[in-house]
Amino acid sequence: MPFTDKSLTCVDCGATFTFSAEDQDYHARRGFQNEPKRCPSCRRARKAERGEYTGSSYASRPARQLFPATCSNCGRETEVPFQPRGDRPVYCRDCFQARSSYGR
């Protein structure tokens, strides 16, 4: 079934936007049954509010929690993105990279 461009009205801002034949084909191939309710700029704004990826950066992404630790190899104070439990060694970035191929 060939698709043709449709004009739709955004439920948020009331602007008219085009639901292109190409976008309709994409929706059909993905099994989407509902037409978009929001214009592209309102969709981007809504994703940014929810902290979803916007294409250039993670909007409103909470900062990663870092925990203080002492490197088991060199003794330097460092921060790690997990809560050290004490039953396993914790390494600073330099010692971790020297011990593994991670990051190379």
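Here the closest heavy-atom approach between residue Y26 and residue F32 is recorded as CE2-CE1, 4.3 Å. The heavy-atom pair separating A28 from F3 by the smallest distance is CB-CZ, 3.8 Å.
With sequence neighbours excluded, the residues forming a side-chain contact (heavy atoms from CB on, under 4.5 Å) with R88 are R85, listed by chain and number. Residues satisfying the ring-ring contact (aromatic ring centres under 6.0 Å, His included) criterion with F67, sequence neighbours excluded, are absent altogether. Listed by chain and number, the residues in a ring-ring contact (aromatic ring centres under 6.0 Å, His included) with F19 are H27 (sequence neighbours excluded).
Heavy-atom contacts from other residues, nucleotides or ligands closer than 6.0 Å to CD of Q83 number more than 12. Few gaps surround CG on D87; more than 12 heavy atoms of other groups in view lie less than 6.0 Å from it.
From R46, atom CZ reaches atom OG of S41 across 13.5 Å, with rounding to the nearest 0.5 Å. Distance check: F82 CZ to R64 CZ gives 11.0 Å after rounding to the nearest 0.5 Å.
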Output side-chain donor-acceptor pairs under 3.5 Å for residues 4-12, partner residues at least two apart or in another chain, one line each.
unit_1	atom_1	unit_2	atom_2	d
D5	OD1	A21	N	2.8
K6	NZ	E35	OE2	2.5
D12	OD2	R38	NE	2.8

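Only one option out of S72, P84, C95 pairs with P89 in a side-chain contact (heavy atoms from CB on, under 4.5 Å); it is S72.
Think of L66 as one node in a network of Ile, Leu, Val, Met, Phe, Trp and Tyr side chains linked at under 4.5 Å; it has no links at all.
Applying the salt bridge (charged side-chain N to carboxylate O under 4.0 Å, His left out) test to pairs two or more places apart or on separate chains, those with a residue in residues 13-25 are D25-R29. Identified under the salt bridge (charged side-chain N to carboxylate O under 4.0 Å, His left out) test for residues 65-81, with sequence neighbours left out: R76-D94.
Counting heavy atoms from C-beta on, the side chains of Q65 and P81 never come closer than 4.5 Å.
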